[in-house]
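I have placed the structure first, in the form of structure tokens, so that the comments after it can refer back to it.
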Amino acid sequence: MAFARTCSVALVGVDGVVVEVQADLEPGVAAFSLVGLPDKALSEARDRVRAAITNSGESWPQRKLTVGLSPASVPKSGSGFDLAVACAVLAAAERLPPAAIADLLIIGELGLDGRVRPVRGVLPSVLAAAEAGYRHVVVAEQTAAEAALVPGVSVLGIRSLRQLIALLTDQPVPEEPPDPVAGRPDALLSGLLLPGAAVRRGAADPEFGPDLADVAGQYEARQALEIAAAGGHHLYLKGPPGAGKTMLAERLPGLLPALTQREALEVTAVHSVAGLLPPGRPLVDTPPYCAPHHSTTMPAIVGGGSGLPRPGAVSLAHRGVLFLDEAPEFPVRVLDALRQPLESGEVVIARSAGSLRLPARFLLCLAANPCPCGRYSRRGEGCDCTPAMVSRYQGRLSGPLLDRVDLRVQVDPVTKAELLDRDSSAESTAVVAGRVRVARERAAARYEGTPWQTNSQVPGRELRSRWRPDAGALADAEREMERGMLTARGLDRVLRVAWTVADLAGRDAPGRTELRTALVLRRGFPTGLPMQGPTRPPT
């Protein structure tokens with residue numbers, strides 16, 4: 001009896017589970033059995049591995065072959081186990097030294113000609129391997145840069161099974177052309193990047209990206225964007241068509257600070273699993289922007305699908321912006337499903353094939369027309385909708401959902417003077433992003449030693465006890481609560497916004513003016529309270 005083993009990784013959402021790939025050869029009728037809860041794509045590895053070994057110049061063992069994937073209770077999917085299975089079979093047949101692959105973690109799909117194809121989810125797989133103590137990883141050459149993002153791991157990128165056999169047996173490594181057909185795109189990358197998901201990342205050249213200076217007028221909305229970016233507050237833009245709601249939302253990611261190394265790895269892991277990581281850019285270091293269409297289904301928003309669930313839009317927007325344009329047109333069930341990730345920063349999905357937890361700490365931006373025709377106003381000019389139609393349309397955004405949105409802004413149509421006589425002093429994205437960065441640094445210094453980094457993450461009890469506003473600052477908020485216009489959750493969110501306004505103004509604590517500004521932004525329409533725009537911190 002001949003036996004060999006190596007390791008690979010099974011992905012459960014964006015978490016990896018190290019799987020031991022065992023190969024056992026026994027005398028008997030030639031057969032190939034693959035056990036260990038494989039899915040359809042993995043079950044087909046029997047044919048791919050056999051053809052790849054034969055076309056690599058090696059002989060297929062004519063004995064009873066059993067390949068086991070342990071732990072057997074973990075569902076395993078995809079073609080990323082092909083290369084590990086091939087190495088285990090060759091080691092059991094004594095073509096490779098079993099000790100040479102015992103401590104390797106191998107990830108890659110095999111073509112019938114023996115070429116190694118890249119697979120999705122390499123970064124979370126290597127992260128799981130590093131946590132399990134593995135220090136040597138073999139992947140396809142195209143994903144070697146992605147795997148190398150994990151510190152403390154030695155990565156070997158190969159092009160074919162022949163090259164790996166030569167490396168493990170100390171033989172001359174054959175040269176494999178990177179592209180068999182000159183002048184054509186590399187077909188090996190076709191399975192690495194899947195289309196769709198409406199995800200956008202920062203422009204390669206910021207000069208050509210969306211700039212806040214392009215927005216005419218909308219000073220209140222620009223202020224709300226700045227506060228949302230500085231404190232991580234959710235935002236609701238309401239106004240008629242053509243007022244600039246989408247323009248404002250598209251410029252929100254540019255105001256967010258660049259991702260830290262830890263945040264970039266989190267975002268990259270999600271995008272790698274989803275098949276949205278572009279070749280040649282292994283690390284996503286800018287906040288993502290995800291804008292799904294209003295016809296998007298529940299699994300596409302929160303995650304799901306057949307078999308083990310896949311990341312949805314809330315996870316693809318992790319550490320970035322999720323923009324829901326025409327929000328009342330989304331199904332009510334889809335909108336209400338956002339309530340849990342808005343509070344916890346993660347989404348838990350349970351399916352018959354298993355449950356998983358996905359990160360979903362995003363900044364939500366909602367945009368909506370005031371009525372189905374879009375022309376409704378308090379004066380009622382030009383609107384053909386009946387009061388019942390207006391009430392029904394606005395009621396599609398439930399109270400519990402809006403209660404979790406900190407900033408609500410009325411976006412009025414741009415006047416002719418604002419559109420044609422452009423103000424040359426309009427601030428650019430870079431200028432506003434600088435103030436946002438300073439405000440976030442103030443908040444991070446205040447919350448040093450705690451699990452929170454932005455004002456939107458701090459529990460209300462801490463803001464009412466440990467970081468209290470100035471004396472008498474809560475007088476207006478208390479009156480709003482007595483009138484039933486402000487809930488307990490709403491008070492906590494008003495305090496968070498007030499701290500962000502204070503950080504932007506360079507104040508050590510929010511006063512009555514900052515609390516009033518937060519209340520106006522909470523209500524979404526003038527209440528007789530003065531608005532105060534954020535000012536530059538003192539230098």
Side-chain angles (χ1 to χ4, degrees), residues 219-236 255 257 342-343 363 399 402-410 432 434-539:
Y219 302 108
E220 292 83 2
R222 290 167 61 98
Q223 174 193 355
L225 245 66
E226 183 174 347
I227 295 174
H233 306 289
H234 305 304
L235 177 65
Y236 175 32
L255 302 181
L342 285 177
E343 288 289 336
L363 197 160
L402 291 180
D403 200 36
R404 291 166 168 82
V405 178
D406 303 344
L407 311 175
R408 308 173 192 177
V409 181
Q410 178 68 38
V432 179
R435 292 202 298 270
V436 169
R437 184 175 60 255
V438 173
R440 287 217 174 193
E441 289 172 356
R442 290 178 61 88
R446 181 168 61 250
Y447 303 132
E448 186 177 3
T450 70
W452 316 299
Q453 293 182 332
T454 61
N455 293 317
S456 63
Q457 300 172 357
V458 184
R461 65 178 184 277
E462 299 289 343
L463 295 177
R464 294 190 299 270
S465 58
R466 186 173 177 182
W467 292 289
R468 296 179 59 86
D470 292 343
L474 287 173
D476 297 299
E478 291 171 355
R479 281 197 295 270
E480 292 288 300
M481 290 193 70
E482 290 175 357
R483 295 168 53 195
M485 303 299 293
L486 191 66
T487 64
R489 180 191 288 120
L491 176 62
D492 292 344
R493 294 186 176 275
V494 166
L495 286 172
R496 294 169 184 170
V497 174
W499 269 106
T500 300
V501 177
D503 288 335
L504 286 166
R507 291 177 52 87
D508 293 332
R512 190 166 185 176
T513 302
E514 286 75 24
L515 263 297
R516 287 182 171 183
T517 301
L519 278 172
V520 172
L521 292 171
R522 176 74 181 176
R523 292 292 300 273
F525 53 86
T527 58
L529 303 177
M531 283 282 288
Q532 178 193 20
T535 58
R536 295 176 184 271
T539 57

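In this text the structure is predicted, and so the values were computed from the model without any measurement.
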Quiz item: When you look at Leu486 and Val494, which way does the side chain to side chain contact (heavy atoms under 4.5 Å, CB included) test go after all the steps?
Solution: CA-CA 9 Å; Leu486 191 66; Val494 166; 4.1 Å; yes
Can we say [X] and [Y] salt-bridge, meaning some charged N sits less than 4.0 Å from an Asp/Glu carboxylate O?
X	Y	value
Arg464	Asp492	yes
Asp508	Arg442	yes
Arg522	Asp403	yes
Arg493	Glu343	yes
Arg435	Asp503	no
Glu480	Arg483	yes

Atom pair [atom1] ([X]) and [atom2] ([Y]), whose distance is rounded to the nearest 0.5 Å:
X	Y	atom1	atom2	answer
Ile227	Ser456	CD1	OG	13.0 Å
Arg496	Thr454	CZ	OG1	9.0 Å
Leu504	Thr500	CG	OG1	7.0 Å
Leu474	Arg479	CG	CZ	11.0 Å
Glu220	Leu225	CD	CG	12.5 Å
His233	Leu521	NE2	CG	9.5 Å

Could you tell me which non-hydrogen atom of [X] sits nearest to which non-hydrogen atom of [Y], and how far apart they are?
X	Y	value
Ala473	Gly511	CB-C, 3.6 Å
Leu363	Ala228	CD1-O, 3.5 Å
Leu342	Arg404	CD1-CB, 4.2 Å

Self-check item: Check: Glu226 side chain, Gln223 main-chain N or O, donor-acceptor pair, under 3.5 Å
Solution: no
Practice problem: Return yes if some donor-acceptor pair links the side-chain N/O of Gln457 with the main-chain N/O of Gln453 below 3.5 Å, else return no. | Solution: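 Pair found, side chain donor or acceptor close to backbone of Gln453.
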Quiz item: Any side-chain donor-acceptor pair under 3.5 Å between Tyr447 and Asn455?
Solution: yes
Exercise. Could you check Met481 against Leu491 for side chain to side chain contact (heavy atoms under 4.5 Å, CB included), going step by step and ending with a plain yes or no?
Key: CA-CA 8 Å; Met481 290 193 70; Leu491 176 62; 3.5 Å; yes
Side-chain contact, heavy-atom cut-off 4.5 Å: [X] with [Y]?
X	Y	answer
Arg523	Met485	yes
Leu515	Pro469	yes
Glu514	Trp499	no

Exercise. Begin from the C-alpha positions of Arg507 and Asp470 and carry the test side chain to side chain contact (heavy atoms under 4.5 Å, CB included) through to its verdict.
Key: CA-CA 11 Å; Arg507 291 177 52 87; Asp470 292 343; 3.0 Å; yes
Quiz prompt | Residue pair Val409, Tyr236: steps toward the side chain to side chain contact (heavy atoms under 4.5 Å, CB included) verdict | solution = CA-CA 6 Å; Val409 181; Tyr236 175 32; over 6 Å; no
